[in-house]
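All remarks here apply to the structure that follows.
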Amino acid sequence: MEAVRATSAWVASHSSHVTVDSSDKEMTYDHLAAGLKEALQNDKSAFDADRLQKYTGPELRKLLKWPRPLPLEEERVRLMHEVGFELERSFDGKASKLVESCEKSAAKLVALITSHFPGFRDHTVYKGHQIFLYKRAQIFAADLWGAFKGQGYGEFNDIESVTMFADYIVPAVLQQLGVLKFSPSLADMIESNREISSGSEEEVELRACSVHAVEEIRELIRRKSGKQVLSVELDLWLWAFGVQCASLQHHRTLSIYY
């Protein structure tokens with residue numbers, strides 16, 4: 001998405017806490033994915049639009065087999081209700097209709113999601129400029145592309161428009177690889193496990209500079225090898241590297257956008 005690339009590049013050029021070097025038991029994703037998959041296998045209607053509008057916090061925990069309240073649980077349940085309501089109102093209750101409406105364009109799918117579902121509007125104001133990140137909207141398109149192997153519901157003629165998905169893991173990996181450099185104050189916050197507020201300067205810089213850094217890596221690969229690598233592919237490699245690194249220290253932010 002050009003808005004994500006452009007605004008992330010602007011943040012990188014004005015960042016106070018994160019520098020992009022352009023020179024030559026918590027709930028994990030696997031736990032969440034496994035819980036959702038099992039829920040759907042046990043009940044094919046578990047995520048129907050009308051059901052999404054009725055879940056409570058305890059019911060969501062039971063669905064995921066999670067023993068205690070989820071982070072931002074009330075907000076997450078509200079967002080499930082929002083998705084179910086809007087799917088019913090605008091897409092006959094079917095996510096497939098939403099995907100079909102994008103006409104094989106990942107950029108259009110992201111635009112549809114962010115226009116219809118407020119909970120996906122992952123943007124903020126940084127030093128007077130509006131910054132777009134759209135992690136969850138973009139990863140929806142990328143997950144479809146990956147799951148369907150670029151065919152059917154996963155066929156997009158502009159998958160290269162999708163950027164990396166800025167959350168916790170990839171910024172930490174980029175820092176470990178020497179691609180990102182943190183200010184002493186930011187490094188101290190991360191190392192001491194202090195919470196970094198969602199939408200704060202530090203958090204926006206961590207995410208936006210990561211987007212910009214991956215675009216720089218992508219361009220460097222193109223120049224040196226002549227090969228076109230997708231940001232989606234680079235994100236997957238960096239994320240996979242990060243989740244296997246037990247010593248990796250990442251920033252801590254409570255957010256519905258990750």
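Computed from a prediction, not measured in an experiment: that's the story for all the values here.
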(request) Could you tell me whether Glu75 and Arg78 make a salt bridge, using a distance below 4.0 angstrom between a side-chain N and a carboxylate O? (result) yes
(message) For Pro71, is there any backbone N or O sitting under 3.5 Å from a side-chain donor or acceptor partner on Arg76?
(response) yes
(message) How about CD on Glu219, more than 12 heavy atoms from neighbouring residues, nucleotides or ligands closer than 6.0 Å, or not?
(response) yes
(request) Decide, yes or no, whether a salt bridge links Lys104 with Glu155 under the criterion of side-chain N to carboxylate O below 4.0 Å. (result) yes
(message) I need the minimum non-hydrogen distance between Leu180 and Cys209, along with the two atoms involved.
(response) CD2-O, 4.0 Å
(message) Looking at Arg51 and Asp43, is there a salt bridge between them, counting it only when a charged N and a carboxylate O are closer than 4.0 Å?
(response) yes
(message) Please check this pair: side chain of Arg136 against backbone of Tyr257, looking for a donor-acceptor N/O pair closer than 3.5 Å.
(response) no
(message) Looking at Pro184, is its backbone amide N or carbonyl O close enough to the side chain of Asp188 to form a donor-acceptor pair, meaning the two atoms are under 3.5 Å apart?
(response) no
(message) By the definition side chain to side chain contact (heavy atoms under 4.5 Å, CB included), identify the one residue from Glu201, Glu203, Glu202, Arg207 that meets it with Glu205.
(response) Glu201
(message) With a 4.0 Å cut-off on N to O distance, would you call Arg89 and Glu86 a salt bridge?
(response) yes
(message) Tell me the closest heavy-atom pair linking Ile196 and Met189, and the distance in Å.
(response) CG1-CE, 3.6 Å
(message) Tell me whether His81 contacts the main-chain N or O of Tyr55 through its side chain, where contact means a donor paired with an acceptor under 3.5 Å.
(response) yes
(request) Provide the closest heavy-atom pair for Val229 versus Arg218 in the form atom of the first, atom of the second, distance. (result) O-NE, 2.9 Å
(request) Determine, for Lys65 against Glu38, whether the closest basic-nitrogen to carboxylate-oxygen distance falls under 4.0 angstrom. (result) yes
(message) I'd like to know if Glu100 and Lys94 make a salt bridge, using a cut-off of under 4.0 Å between side-chain N and carboxylate O.
(response) no
(message) Hydrogens and angles aside, do Thr163 and Gln138 bring a side-chain donor and acceptor to less than 3.5 Å of each other?
(response) yes
(request) Identify the heavy atoms of Phe120 and Tyr134 that sit nearest to each other, and give their distance. (result) O-CD2, 3.8 Å
Donor-acceptor contacts, no H, no angles, side chain residues 166-179, under 3.5 Å, sequence neighbours left out:
unit_1 : atom_1 : unit_2 : atom_2 : d
Asp167 : OD2    : Lys135 : NZ     : 3.0
Tyr168 : OH     : Thr253 : O      : 2.4

